[in-house]
2 protein chains.
Amino acid sequence: MRDVAERAGVSAMTASRVLRDDPQVLPATRERVRAAATALGYRPNEVARSLRLGRGTGLVGLVVTNLANPFYSRLALGVDSVVAEHGLKTVIGNTGQDLDAERELVADLVARRVDGIIAVPAGADQRHLAAAVSGGVPVVLASRPPEGFAADCVLVDDFGGARDATARLLERGHRRIGFLGSPPAVHTGTERLRGYAAALTSAGLTVDACLVRQGQTEPSQATRAAAELLALPDPPTALFCSNNRNTIGAFRALRDVGPKDVGLRGAGVALAGFDDFELADALGLPLTLVAYDSDELGRAAGRLLNDRLHDRGSGAAGGRATAGEARQIVVPTSLVEYGT
Amino acid sequence: MRDVAERAGVSAMTASRVLRDDPQVLPATRERVRAAATALGYRPNEVARSLRLGRGTGLVGLVVTNLANPFYSRLALGVDSVVAEHGLKTVIGNTGQDLDAERELVADLVARRVDGIIAVPAGADQRHLAAAVSGGVPVVLASRPPEGFAADCVLVDDFGGARDATARLLERGHRRIGFLGSPPAVHTGTERLRGYAAALTSAGLTVDACLVRQGQTEPSQATRAAAELLALPDPPTALFCSNNRNTIGAFRALRDVGPKDVGLRGAGVALAGFDDFELADALGLPLTLVAYDSDELGRAAGRLLNDRLHDRGSGAAGGRATAGEARQIVVPTSLVEYGT
DNA sequence: CTGTTAGCGCGTTCAC
DNA sequence: GTGAACGCGCTAACAG
């Protein structure tokens with residue numbers, strides 16, 4: 001910075017003002033400083049800036065479990081696209097389902113002075129996020145509601161979507177419907193199980209525990225679980241899967257047990273699942289999916305965070321009030337039919 | 001920090017030492033400071049630390065064009081998993097093919113004092129990356145070689161993979177093979193086109209420009225381009241696609257023009273493509289893909305960067321030497337057959 | 001083994 | 001309109 005100032009024949013202070021677009025500078029000197037800066041390829045040190053300004057670093061922490069899952073990468077993209085409009089960058093933290101790693105990650109993000117955190121917590125214990133909030137870092141939850149503290153969040157209509165999809169299977173005459181889902185600790189999984197159960201109950205049926213398999217995280221596990229259900233003495237005639245990993249896994253099971261004639265793949269067992277995904281139209285069997293805009297999920301989370309940061313900046317009386325009320329957005333779902 | 005020191009009855013300096021695991025502290029005092037820190041939920045301000053230490057911020061910038069493309073999200077995951085082992089976090093920058101955005105992004109990352117940058121540049125102009133390097137920020141290129149400056153890079157065997165896949169189609173008797181690829185400005189696209197051409201030449205054939213369609217970035221565009229090729233008076237009997245977007249798009253075109261009988265989908269036109277992808281096994285038609293470990297691509301890039309950062313730290317005589325030589329890693333490809 | 005001094009690069013606050 | 005001093009939170013370098 002001194003170099004720039006010297007080259008322009010001014011003090012470091014004036015150079016600083018110019019580079020911050022402070023209007024209180026004579027246009028002539030401003031140009032000289034600008035020229036000097038570009039000549040030297042100089043950009044102010046953002047680290048020093050953050051420290052001096054006492055605010056955050058212009059970074060948003062994004063905490064997810066598995067970036068290889070398209071759901072999370074879409075979310076990440078949605079978040080980044082929105083916060084980038086406000087000059088913020090996204091720091092990704094991939095926890096791989098490890099709760100300790102998640103705890104450490106959040107603490108690290110706070111220590112790094114991120115402006116805010118958007119998280120899809122892996123487990124039910126969210127105390128580390130609560131700690132971040134009480135440490136003054138805004139937290140927005142995505143796809144899971146806050147547990148034990150107040151925070152903005154963006155949810156998918158897990159219950160409704162699962163209920164509607166299951167209801168559609170019932171409408172088609174299915175009475176034994178299997179359920180494949182994530183581990184019980186995952187909020188979306190249990191909500192979607194509730195939706196599944198509600199649809200059965202509405203139809204006068206009860207949930208048969210033998211037909212419910214929770215705990216599959218990868219398609220390969222789901223394939224195994226689905227195969228087990230299909231091998232039951234009284235097998236289900238339809239399957240509902242609580243997320244894209246399970247749907248894809250179940251698809252493979254149906255394909256493999258079906259007759260070799262590809263025209264009748266899946267042996268007539270109907271398949272439905274939560275989450276739309278690429279190539280769902282290409283599987284060659286009828287498929288009912290609960291679709292929603294997963295980019296929008298990320299964008300909405302980014303918007304909530306932006307609002308929170310902005311309100312805080314303009315310290316109006318209303319700012320405080322808004323800061324106190326946690327907002328909640330629910331992204332709607334719709335059913336889509338493929339392969340018909 | 002002062003608060004912690006006070007609570008432990010020591011000076012800020014000692015507290016600092018304890019929190020940095022400096023061994024030169026009496027175990028007793030150390031415990032007192034640790035206790036005070038946890039009691040207050042204190043973690044040192046990483047921003048101030050970075051400023052004082054003069055090193056980077058412990059962040060790695062990752063510059064990609066489209067995180068929604070599984071290729072890039074896998075890359076991101078690979079990078080993050082490796083750099084995280086060294087306590088580094090990944091900052092994502094999604095440029096959406098916008099060259100100006102990419103330039104600005106890189107400059108911003110440098111101003112933020114990232115420790116290094118891993119980039120998949122969108123265009124041929126890489127001067128902004130060269131500037132980062134001369135600014136002292138290590139850059140590793142992924143999937144494209146450095147152009148006009150020295151930098152480490154990780155490449156896929158684009159030429160060889162494309163040649164082998166095309167050769168396989170030729171072995172099966174195909175003589176008119178269409179090519180679908182990304183815009184010519186994309187390095188991988190042109191390399192893969194070269195591989196395609198080389199295979200044809202080896203077989204004594206020449207490239208028919210009518211059968212080459214470049215410029216498709218999204219599957220929908222590829223579907224259209226493929227449909228056009230198939231509608232030609234003398235249509236190709238096989239298609240080679242230079243990336244997963246084009247393969248998926250071409251698949252839809254084949255499926256839609258094929259006879260309604262799903263057993264014969266694709267009307268006998270053979271399909272081959274670069275990039276393996278999820279559900280490639282589920283498309284119900286024979287498919288030859290050029291596969292490679294895309295996670296490994298990211299991990300290798302992360303490792304190159306880690307090495308670079310580490311060598312620099314241990315300023316041995318050898319460090320300098322290594323710092324000068326740009327390394328290049330080529331990830332091998334293999335052919336996989338699906339749907340047979 | 002512990003404390004004091006000084007400064008990383010910048011921006012606010014106050015003089016000129 | 002411009003410049004000089006001070007400090008953001010932390011830690012090398014040197015006392016003691």
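Below, chain A is the first sequence line, B the second, and so on; all start at residue 1. Side chains are part of it too, since the values below use all heavy atoms of this structure and drop only hydrogens, waters and symmetry mates.
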Starting from P on D:dC8, measure out to CG on B:Asp3 and report it in whole angstrom.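 The answer, rounded to whole Å, is 13 Å.
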Could you check how far CZ of B:Arg2 sits from P of D:dG9, rounded to whole Å?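 So the two atoms are 8 Å apart, to the nearest Å.
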Considering the terminal five base pairs at each end of the helix from C:dC1-D:dG16 to C:dC16-D:dG1, what angle separates the two local helix axes, rounded to 10°?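 Angle reported: 40°, given to the nearest ten degrees.
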Could you check whether any side-chain N or O of A:Asp152 sits under 3.5 Å from a backbone N or O of A:Arg327, counting only pairs where one atom can act as donor and the other as acceptor?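 At least one qualifying donor-acceptor pair exists.
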Please determine whether a side-chain nitrogen of the Lys or Arg among [X] and [Y] lies less than 4.0 Å from a carboxylate oxygen of the Asp or Glu.
X	Y	result
B:Arg20	B:Asp22	no
B:Arg55	B:Glu46	no
A:Glu85	A:Arg303	no
A:Arg7	A:Asp3	no
A:Glu104	B:Lys89	no

Which pair of non-hydrogen atoms, one from [X] and one from [Y], has the smallest distance, and what is that distance?
X	Y	value
B:Gly87	A:Arg112	O-NH2, 4.2 Å
A:Gln126	A:Pro145	NE2-O, 3.3 Å
A:Arg308	A:Pro138	CG-CB, 3.7 Å
B:His128	B:Glu102	NE2-OE2, 2.7 Å

What are the 5'-most and 3'-most nucleotides of DNA chain C lying under 4.0 Å from any heavy atom of chain A?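 Taking any atom under 4.0 Å from a heavy atom of chain A, the span is C:dG9 to C:dT12.
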Kindly state which residues belonging to residues 36-49 of chain A come within less than 4.0 angstrom of DNA chain D, counting heavy atoms of the residue only, listed by number.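 Result for residues 36-49 of chain A: none.
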Give, ordered by number, those residues of residues 28-35 of chain B having at least one heavy-atom distance below 4.0 Å to an atom of DNA chain D; if nothing qualifies, reply none.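 The stretch gives none, as no residue of it lies under 4.0 Å from the strand.
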Using a cut-off of 4.0 Å on non-hydrogen atoms, how would the nucleic acid contact of A:Leu51 be classed: base, sugar-phosphate, or nothing?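 The residue A:Leu51 makes base contact.
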Set out, in order, the CA-CA distance, both residues' side-chain angles and the distance that settles side chain to side chain contact (heavy atoms under 4.5 Å, CB included) for A:Leu309 and A:Leu88, then state yes or no. CA-CA 11 Å; A:Leu309 295 175; A:Leu88 301 169; 3.9 Å; yes
When you match B:Leu26 and A:Met1 each to their closest nucleotide on DNA chain C, which lands nearer the 5' end?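 Upstream on the strand: B:Leu26.
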For A:Gln328, does the CD atom sit with more than 12 other heavy atoms under 6.0 Å from it, leaving out its own atoms?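 Yes, the 6.0 Å shell around CD holds more than 12 heavy atoms from other groups.
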Which atoms of nucleotides 12-16 of chain D (N or O only) lie under 3.5 Å from a protein N or O atom, and what are those distances?
residue	atom	partner	partner atom	Å
D:dA12	OP1	B:Arg20	NH2	2.6

Matching residue for B:Val137 among B:Val106, B:Leu109, B:Val114 - test: side-chain contact (heavy atoms from CB on, under 4.5 Å):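 Filter result, single survivor: B:Val114.
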Derivation of the side chain to side chain contact (heavy atoms under 4.5 Å, CB included) call for B:Val110 and A:Arg43: CA-CA 9 Å; B:Val110 174; A:Arg43 296 256 316 223; over 6 Å; no
List in chain and number order the residues that pass salt bridge (charged side-chain N to carboxylate O under 4.0 Å, His left out) with A:Arg34, two or more places apart in sequence or in another chain; answer none if no residue qualifies.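 So A:Arg34 forms a salt bridge (charged side-chain N to carboxylate O under 4.0 Å, His left out) with A:Asp21, A:Glu31.
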